[in-house]
Amino acid sequence: MTTFADLGLSQKVLSAVTDAGYTIPTPIQAGAIPPALQRRDILGIAQTGTGKTASFVLPMLTLLEKGRARARMPRTLILEPTRELAAQVAENFEKYGRNHKLNVALLIGGVSFDEQDRKLERGADVLICTPGRLLDHCERGKLLMTGVEILVIDEADRMLDMGFIPDIERIAKMIPFTRQTLFFSATMPPEIQKLADRFLQNPERIEVAKPSSTALTVTQRLVACHNKDYEKRAKLRELIGTQSELKNGIIFCNRKKDVADLYRSLERHGFSVGALHGDMDQRSRTNMLAGFKDNQITLLVASDVAARGLDIPDVSHVFNFDVPIHAEDYVHRIGRTGRAGRSGAAFTLVTRSDTKFLDAIEKLIGQTIEWHDGDISALPAPAESHDESRGKRGRDKGRERRGGHKSDTRSEYVKPVEASVEPVKAAEEVQVMEAIKVEPVATERKTDKRRDQNPRNNRNNPYPANDDNRDRRRNRHHDHDDGPTPVGFGDDIPAFMLIVAAAKA
DNA sequence: AAAAAAC
């Protein structure tokens, strides 16, 4: 059997790998590391969770042992689609590079340039970047790409989805043709193949798992639900309550606003919860993810920023609060659980209007997903005018045939209004929603005496930093509207508020 | 019907 010792890695790297507790490489590592060490180009087709990151980090560390970095001339460059993934790769360099004295610089947006500039000035052996911030540094003339020996393009298919390919091409043009290129993608659509053909020279191709396969260790279930947000939230809470095996879970929403709303709702209902989406300030993003990884937070409400690649080893549950619009996202989302051979559970709330997306998902994964407790036809017909379907018992005939077993979660819909506690909860939820509507960040800033009393406001603001853009615009038009300097945040003043405050000074 | 990424 192949071990890490057989792959040609240096002693320093091997000992770090051993210390981390690994002896047997994953297939992508066994396939990619030897040719990478021989300076071959690599085309790696692998999902995240296959050990892909180590398959380029380990050979890079070995190769970097020869030579030294010069100021502003990085020796290697890794491109990642999201800030979290970039940070995760940086952690891998720390972990496996503990016997090396390498300068690793993480160049991502949302944080200050100062420290990044300092690291570049010192000379970086490894540059780990999101494309926007890298180009920003280049334009500021802080960076010479002519010394880059190894270029890693990670998650290429996702870069394509996100429209990063032109940026990637600009960056690649600045790097000498003699470089070694390691190119990874979970899938190989024609555009990606074309890109790979242009970027790679005679690559070693390693394909490890069929794209769009879902781990067998993940139990997948569908949960029929009405389309109203408060009903979905009630259903989700109920579902969470029945999961005795739940250690922690990620709850995916399609929209950033819904991430913020659901986060607040769950928090109000006493859940240990965090939020993660791309319009939150970077500090909150980092804190929330760290809290979830440390088990300080049980539930993480997230947008698809967390769907791919995030390596959180022990997630027991994934909940799709919304059915993802793109079927591949389903595969990526539920791939956050059932990792490393562990078992996992994935529940997807499905409303009537989601059925076409659901069909696409089942087609993609090549299997039908079981309903958790009665399929979508078990729900009453949608109300024509107002949501009074609960009262319209005449419509409920179709459900009777499936009714009747224990602790039936559908009972809340079957029972007449007066026999169920659910409508009371629902009414309360409406108030929660109203509360959300009348409490946008901008309003809170002006009446921020209340902030002090609300511990939620002291850290980890899950509200879109977009709102600050709106604030800034608004402030431009109403110059008289110069509210007080933000108070009550302690050391955790969101970055955007500092910008507003600075603009005034 | 969305999200992600630079200021």
Side-chain angles (χ1 to χ4, degrees), chain A residues 48 78-88 106-114 116-117 128-143 153-171 186 227-229 232 250-262 275-282 285 289 301-310 320-333 336 348-361 462 464-466 468-469 472-473 495-496 498-500 502-503:
Chain A
T48 44
I78 300 168
L79 295 169
E80 295 288 336
T82 68
R83 298 170 186 173
E84 276 74 17
L85 283 177
Q88 194 169 283
L106 180 62
L107 305 189
I108 60 174
V111 294
S112 101
F113 280 92
D114 297 353
Q116 296 178 0
D117 282 342
I128 305 163
C129 317
T130 46
R133 180 56 71 99
L134 175 66
L135 287 170
D136 212 341
H137 277 283
C138 291
E139 278 159 19
R140 290 154 36 111
K142 292 279 182 181
L143 210 43
I153 298 166
D154 199 12
E155 303 266 332
D157 51 350
R158 194 173 182 201
M159 301 260 204
L160 177 78
D161 288 348
M162 291 166 64
F164 281 169
I165 298 304
D167 287 350
I168 304 298
E169 306 223 31
R170 273 179 67 197
I171 294 164
N227 204 4
K228 292 273 186 281
D229 281 353
K232 289 176 86 172
I250 305 179
I251 305 168
F252 286 101
C253 299
N254 286 356
R255 296 171 194 79
K256 289 176 280 201
K257 178 188 179 298
D258 293 332
V259 171
D261 290 352
L262 181 60
L276 186 66
H277 67 69
D279 280 352
M280 286 163 55
D281 60 86
Q282 190 55 39
R285 284 169 70 161
L289 189 59
V301 188
S303 70
D304 279 317
V305 69
R308 302 198 198 190
L310 284 194
N320 289 312
F321 187 74
D322 300 306
V323 177
I325 293 165
H326 291 303
E328 321 85 74
D329 288 334
Y330 176 84
V331 179
H332 292 296
R333 287 181 183 185
R336 296 310 98 211
T348 301
L349 299 194
V350 181
T351 71
R352 280 205 169 73
S353 46
D354 293 327
T355 47
K356 67 168 182 282
F357 299 121
L358 180 60
D359 291 345
I361 288 166
N466 254 3
D468 50 313
N469 288 331
R472 253 178 268 154
R473 249 173 276 133
F496 69 85
L498 293 174
I499 292 166
V500 173

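Note that the structure is predicted; figures quoted are calculated from it, not measured. Chain letters run A, B, ... following the sequence lines, proteins first, then strands; residues in each count from 1.
Phosphate contact (OP1/OP2 of B:dA1, side-chain N/O of A:Lys356, threshold under 4.0 Å): absent. At B:dA6, one or more side-chain N or O atoms of A:Thr130 fall inside 4.0 Å of OP1 or OP2 (strictly under the cut-off). Distances shorter than 4.0 Å separate none of the side-chain N or O atoms of A:Ser353 from OP1 or OP2 on B:dA1. Between B:dA4 and A:Arg285, no contact under 4.0 Å exists linking OP1 or OP2 to a side-chain N or O.
Rounded to whole angstrom, the span from the CG atom of A:Leu134 across to the P atom of B:dA6 amounts to 10 Å. When the P atom of B:dA3 is taken as reference, atom CD of A:Glu84 falls 15 Å away, rounded to whole Å. Following rounding to the nearest Å, A:Ile168 (CD1) and B:dA5 (C1') show an atom-to-atom distance of 11 Å. Atoms CD (A:Glu328) and P (B:dA4) sit 17 Å apart, rounded to a whole Å. For A:Asp167 and B:dA4, the CG to P distance is 17 Å, given to the nearest whole Å. Between A:Ile361 atom CD1 and B:dA2 atom C1' there is a gap of 14 Å when expressed in whole angstrom units. Between the CD atom of A:Gln282 and the P atom of B:dA5 there is a distance of 8 Å, rounded to whole Å. Atom NE2 of A:His332 and atom P of B:dA4 are 15 Å apart (whole Å).
Across all strands shown, A:Arg83 has heavy atoms under 4.0 Å from sugar-phosphate atoms exclusively, and none from any base. Within the nucleic acid shown, A:Asp322 has no heavy atom closer than 4.0 Å to any nucleic acid atom.
Remark: A:Arg333 pairs with A:Asn254, A:Asp304, A:Asn320 by the side chain to side chain donor-acceptor pair (under 3.5 Å) rule, at least two apart or across chains. Residues passing the salt bridge (Lys or Arg N to Asp or Glu O under 4.0 Å) test with A:Asp117 are A:Arg140, sequence neighbours excluded. A:Gln116 pairs by the side chain to side chain donor-acceptor pair (under 3.5 Å) definition with A:Arg133, A:His137, not counting sequence neighbours. With sequence neighbours left out, A:Glu80 forms a salt bridge (Lys or Arg N to Asp or Glu O under 4.0 Å) with no residue at all. In this structure A:His326 satisfies the ring-ring contact (aromatic ring centres under 6.0 Å, His included) test with no other residue, sequence neighbours excluded.
A donor-acceptor pair under 3.5 Å is formed between the side chain of A:Ser303 and the backbone N or O of A:Val305.
Using a 4.0 Å cutoff on non-hydrogen atoms, the parts of residues 135-142 of chain A near DNA chain B are A:Asp136, A:Glu139, ordered by number.
Taking only distance into account, the side chain of A:His326 meets the base of B:dA2 through a donor-acceptor pair shorter than 3.5 Å.
Closest approach to the A:Asp354 side chain among B:dA4, B:dA5, B:dA1 is made by B:dA1 (side chain taken as heavy atoms from C-beta onward).
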- Task: Kindly determine whether A:Arg308 and A:Asp161 satisfy side chain to side chain contact (heavy atoms under 4.5 Å, CB included), including the steps that lead there.
- Result: CA-CA 12 Å; A:Arg308 302 198 198 190; A:Asp161 288 348; 3.3 Å; yes
